[in-house]
Amino acid sequence: MPGLLLGDEAPNFEAETTQGRIRFHDFLGDSWGILFSHPRDFTPVCTTELGRAAKLASEFSKRNVKMIALSIDSVQDHLSWSKDINAYNGEQPEEKLPFPIIADANRELAVKLGMLDPDERDKDGMPLTARVVFVFGPDKKLKLSILYPATTGRNFDEILRVVDSLQLTAYKKVATPVDWKPGDSVMVVPTLPDEEAKKLFPKGVFTKDLPSGKKYLRYTPQPE
Ligand code: BEZ
């Protein structure tokens with residue numbers, strides 16, 4: 001079955017983009033990466049999403065995350081659409097966005113990565129791309145995926161939030177609870193023994209008492 005599962009290595013595909021031809025692993029380098037797909041150029045929801053993604057580019061860059069979009073149109077269309085996206089953002093209608101957009105006019109990559117939405121089709125009856133987000137770690141393994149249908153725009157603040165959570169897990173060995181926001185307390189992972197947790201988290205580990213008597217709800221202030 002095409003698509004990617006958590007832990008899979010990013011395929012090292014070659015593609016034409018608005019910033020030239022790339023090989024995906026070279027593009028990622030040692031950075032984190034986010035690959036987000038869009039149904040089609042010159043469509044309303046996609047325009048708002050790419051506008052928001054462009055506005056948040058410095059936030060992704062701060063977190064060492066390289067951004068790349070994909071849409072099933074040509075480079076020429078992507079460049080022309082980029083002017084609309086910049087204008088939507090209230091900026092000069094330039095062709096340049098702070099990230100490349102992959103051209104996938106024959107849907108080869110979209111099929112390989114499991115990105116098609118069977119319910120949304122073009123005038124020839126061909127499926128459009130769904131709204132997929134893949135976040136890859138510096139090891140090029142898939143750390144997170146999000147799959148929305150073409151008709152539902154994503155929340156890019158949420159995507160930044162999950163990047164923060166993934167990086168806290170990668171660098172500080174903690175998990176993040178429901179509705180967690182940066183600065184909130186985080187959770188000690190169940191596999192970490194109490195003694196090690198105390199050493200690892202000098203700000204303290206706080207356990208909530210539960211009817212079961214089991215001490216698994218362990219919080220610690222967000223590590224720096
Ligand atoms: C949009 O971006 O607005 C869109 C694209 C395909 C299907 C539905 C909406």
Side-chain angles (χ1 to χ4, degrees), residues 1-5 10-11 13 15-20 22 24 27 32-61 65-136 142 144-163:
M1 199 176 73
L4 281 184
L5 297 175
F13 59 82
E16 294 298 339
T17 81
T18 49
Q19 295 180 12
I22 60 150
F24 195 48
F27 170 80
W32 290 71
I34 164 176
L35 167 59
F36 46 108
S37 64
H38 294 271
R40 194 104 244 201
D41 294 5
F42 305 106
T43 51
V45 176
C46 297
T47 303
T48 61
E49 282 193 329
L50 280 198
R52 183 74 183 133
K55 287 212 157 156
L56 289 176
S58 60
E59 289 297 322
F60 284 98
S61 163
V65 182
K66 293 192 90 172
M67 306 169 80
I68 189 163
L70 177 152
S71 176
I72 51 172
D73 290 288
S74 65
V75 166
Q76 212 39 55
D77 281 339
H78 290 347
L79 290 171
S80 171
W81 181 37
S82 299
K83 290 189 197 168
D84 289 358
I85 294 162
N86 281 316
Y88 165 78
N89 271 353
E91 283 152 23
Q92 287 301 314
E94 294 171 351
E95 287 186 339
K96 196 163 167 44
L97 288 172
F99 46 81
I101 309 176
I102 295 170
D104 190 31
N106 59 12
R107 294 170 169 73
E108 211 173 278
L109 199 48
V111 169
K112 183 173 179 171
L113 297 175
M115 288 175 160
L116 293 181
D117 181 340
D119 287 340
E120 296 298 324
R121 293 176 182 266
D122 67 13
K123 60 180 178 14
D124 301 317
M126 295 293 286
L128 299 179
T129 336
R131 299 182 194 280
V132 175
V133 179
F134 289 140
V135 181
F136 298 102
L142 185 68
L144 176 133
S145 71
I146 297 175
L147 171 58
Y148 279 26
T151 41
T152 303
R154 288 156 289 197
N155 181 327
F156 274 71
D157 291 316
E158 168 63 4
I159 297 172
L160 268 184
R161 191 190 75 93
V162 298
V163 166

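All heavy atoms count here, side chains included; hydrogens, waters and symmetry mates do not. Indexing begins at 1, ligand by ligand and atom by atom, following the structure's order.
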Notebook entry, point to check: What about T151: any of its N or O atoms under 3.5 Å from an N or O on ligand 1?
Noted result: no
Checklist line | CG-CD distance between L113 and E108, expressed to the nearest 0.5 angstrom | finding: 11.0 Å
Note to self: Please list, in number order, the atoms of ligand 1 under 4.0 Å from a heavy atom of C46.
What the structure shows: 1 (C), 2 (O)
Checklist line | Side chain proximity check, D41 to S80, heavy atoms < 4.5 angstrom | finding: no
Note to self: Take a 6.0 Å sphere around CD of E158 and say whether it holds more than 12 heavy atoms from other residues, nucleotides or ligands.
What the structure shows: yes
Next item on the list: Could you tell me whether E95 atom CD has more than 12 heavy atoms of other residues or ligands within 6.0 Å of it?
Entry: yes
Check: Going by the order shown, which atoms of ligand 1 are within less than 4.0 Å of some heavy atom of E120?
Finding: 7 (C)
Note to self: Out of all atoms in ligand 1, which are within 4.0 Å of some heavy atom of V45? Include the element for each.
What the structure shows: 1 (C), 2 (O), 3 (O)
Next item on the list: Pull out every atom of ligand 1 sitting under 4.0 Å from any heavy atom of P44, numbered as shown with elements.
Entry: 1 (C), 2 (O), 3 (O)
Next item on the list: Specify the protein heavy atom at minimum distance from atom 9 (C) of ligand 1: its residue, its atom name, and the distance to 0.1 Å.
Entry: A150 O, 3.9 Å
Margin query: Please classify the T47 to ligand 1 contact at 4.0 Å (heavy-atom distances, strictly less than): side chain, backbone, both or neither.
Written below: neither
Check: Taking N or O atoms only and a 3.5 Å limit, does L128 qualify as a polar contact for ligand 1?
Finding: no
Check: Between F134 and F136, what is the ring plane arrangement, given parallel below 30°, perpendicular above 60°, and tilted in between?
Finding: tilted
Margin query: Can you tell whether the side chains of R131 and D117 come within less than 4.0 Å, N to carboxylate O?
Written below: no
Note to self: Less than 6.0 angstrom separating the ring centers of F99 and F60, yes or no?
What the structure shows: no
Next item on the list: Measure from atom 4 (C) of ligand 1 to every heavy atom in R121, R40, E49, R131 and give the option owning the shortest one.
Entry: R131
